[in-house]
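Read through the structure below, which is laid out as structure tokens, and then see the notes.
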2 protein chains.
Amino acid sequence: MALTEPKARVAVFKALAHPTRLEIIQILSQGTRCVSEIEKSVGGDMSTVSKHLSLMRKAGLIGSKKGGLHMNYEIACGCLDGFLRCVDSLAGNRVLDDQLCC
Amino acid sequence: MALTEPKARVAVFKALAHPTRLEIIQILSQGTRCVSEIEKSVGGDMSTVSKHLSLMRKAGLIGSKKGGLHMNYEIACGCLDGFLRCVDSLAGNRVLDDQLCC
DNA sequence: CATTTGTTAGGCAAAATTGCCATGTAGTTT
DNA sequence: AAACTACATGGCAATTTTGCCTAACAAATG
């Protein structure tokens with residue numbers, strides 16, 4: 001199995017390895033949202049939110065489309081959902097050493 | 001969809017967001033390995049490798065079993081593979097904004 | 001043109017991560 | 001028990017990340 005760019009892989013995981021960004025993913029999983037909507041949900045400065053979004057877009061996690069005055073973001077990957085369920089099962093298992101998740 | 005512990009989720013992604021640790025996952029995907037075997041493959045100090053392994057074990061990504069003098073590590077999750085394939089498709093798509101991955 | 005919405009860059013302090021070194025520990029061998 | 005092997009752990013300095021702030025800028029709208 002040939003590795004894709006290791007840096008690109010790492011970038012994807014780094015993009016996901018942050019509570020606020022995971023919260024944004026959670027919000028976007030319910031549908032397309034613009035920056036100010038996201039800002040209201042997660043709090044904090046808009047420039048900070050915009051940076052989070054930019055980072056995730058560069059990693060390939062989300063996509064953006066301009067709609068009038070707003071910039072609308074959406075999840076770029078349908079598999080992200082199963083992905084997160086897998087992570088949750090991992091996270092739940094983390095106490096037991098011998099037990100496997102799936 | 002109720003969130004599992006957000007911290008636990010973040011921990012999983014942080015554990016994956018490092019080139020050496022991804023390399024270790026790659027190695028372990030081929031079968032169980034002990035610390036010194038991993039050390040030979042990825043280089044660096046053994047204490048460093050041990051810390052990487054410990055971090056991934058706490059996150060739930062890998063499990064460990066003692067076998068005589070060695071500590072054997074193995075992937076704790078069969079879904080990690082499809083997981084990584086999904087990430088690769090994301091990583092490959094990251095230039096195009098409108099195109100979705102899967 | 002003025003306003004709204006968002007991006008980007010720079011600066012900066014606090015916090016987290018990383019990796020090596022030295023030391024500690026548990027199981028094995030002699 | 002002493003020595004050795006295979007790891008784990010704590011400490012520490014260097015690097016990176018994070019978040020807020022300020023400000024400049026672009027694009028769509030009224």
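Per chain, numbering begins at 1; letters A, B, ... match sequence-line order. Bear in mind the structure is a predicted one, so any value in this text is a computation, not a measurement.
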Note to self: Nearest whole Å is fine: how far is C:dG6 P from A:Ile62 CD1?
What the structure shows: 13 Å

List the atom pairs, donor and acceptor, that lie under 3.5 Å between side-chain atoms in residues 37-45 of chain A and the rest of the protein, sequence neighbours left out.
residue: A:Glu37; atom: OE1; partner: A:Cys34; partner atom: N; Å: 2.9
residue: A:Ser41; atom: OG; partner: A:Glu37; partner atom: O; Å: 3.4
residue: A:Asp45; atom: OD2; partner: A:Ser47; partner atom: N; Å: 3.0
residue: A:Asp45; atom: OD2; partner: A:Ser47; partner atom: OG; Å: 2.5

Notebook entry, point to check: When the distance from CG of B:Asn72 to P of C:dA26 is rounded to whole Å, what number comes out?
Noted result: 19 Å

Next item on the list: Name all residues meeting the side chain to side chain donor-acceptor pair (under 3.5 Å) criterion together with A:Ser50; count only those two or more places apart in sequence or in a different chain, and write none if there are none.
Entry: none

Notebook entry, point to check: Should A:Asp88 and B:Arg9 count as side-chain neighbours, where that means a heavy-atom distance under 4.5 Å?
Noted result: yes

Check: Reading nucleotides 25-30 of chain D from the 5' end, what letters show protein touch, with B for base, S for backbone sugar-phosphate only, - for no heavy atom under 4.0 Å?
Finding: --SBS-

Next item on the list: Tell me, please, which residues at least two apart from A:His52 pass side chain to side chain donor-acceptor pair (under 3.5 Å).
Entry: A:Arg21

Checklist line | Sugar-phosphate, base or nothing in reach of B:Ser50, heavy atoms under 4.0 Å | finding: base

Notebook entry, point to check: Does A:Tyr73 have a side-chain nitrogen or oxygen under 4.0 Å from the phosphate oxygens OP1 or OP2 of C:dT7?
Noted result: yes

Note to self: Stem finding on DNA chain C, please: runs of three or more consecutive Watson-Crick or G-U wobble pairs, both distances under 3.5 Å, sorted by first number.
What the structure shows: C:1-30 with D:1-30

Notebook entry, point to check: For B:Met71, which contact category applies under a 4.0 Å heavy-atom criterion: base, sugar-phosphate, or nothing?
Noted result: sugar-phosphate

Next item on the list: Provide, to the nearest angstrom, the distance between the NZ atom belonging to B:Lys40 and the P atom belonging to D:dC7.
Entry: 10 Å

Check: Phosphate oxygens OP1/OP2 of D:dT5: is one of them under 4.0 Å from a side-chain N or O of B:His70?
Finding: no

Note to self: I want to check something: taking the side chain as every heavy atom from C-beta on, are B:Lys51 and B:Thr48 in contact at a cut-off of under 4.5 Å?
What the structure shows: no

Note to self: At under 4.0 Å between heavy atoms, how does the protein contact nucleotides 15-25 of chain C? Give one character per nucleotide, 5' to 3', with B, S or -.
What the structure shows: -SSSBBBB---

Check: Rounded to the nearest 0.5 Å, what separation is found between the CG atom of A:Leu61 and the CG atom of A:Leu53?
Finding: 11.0 Å

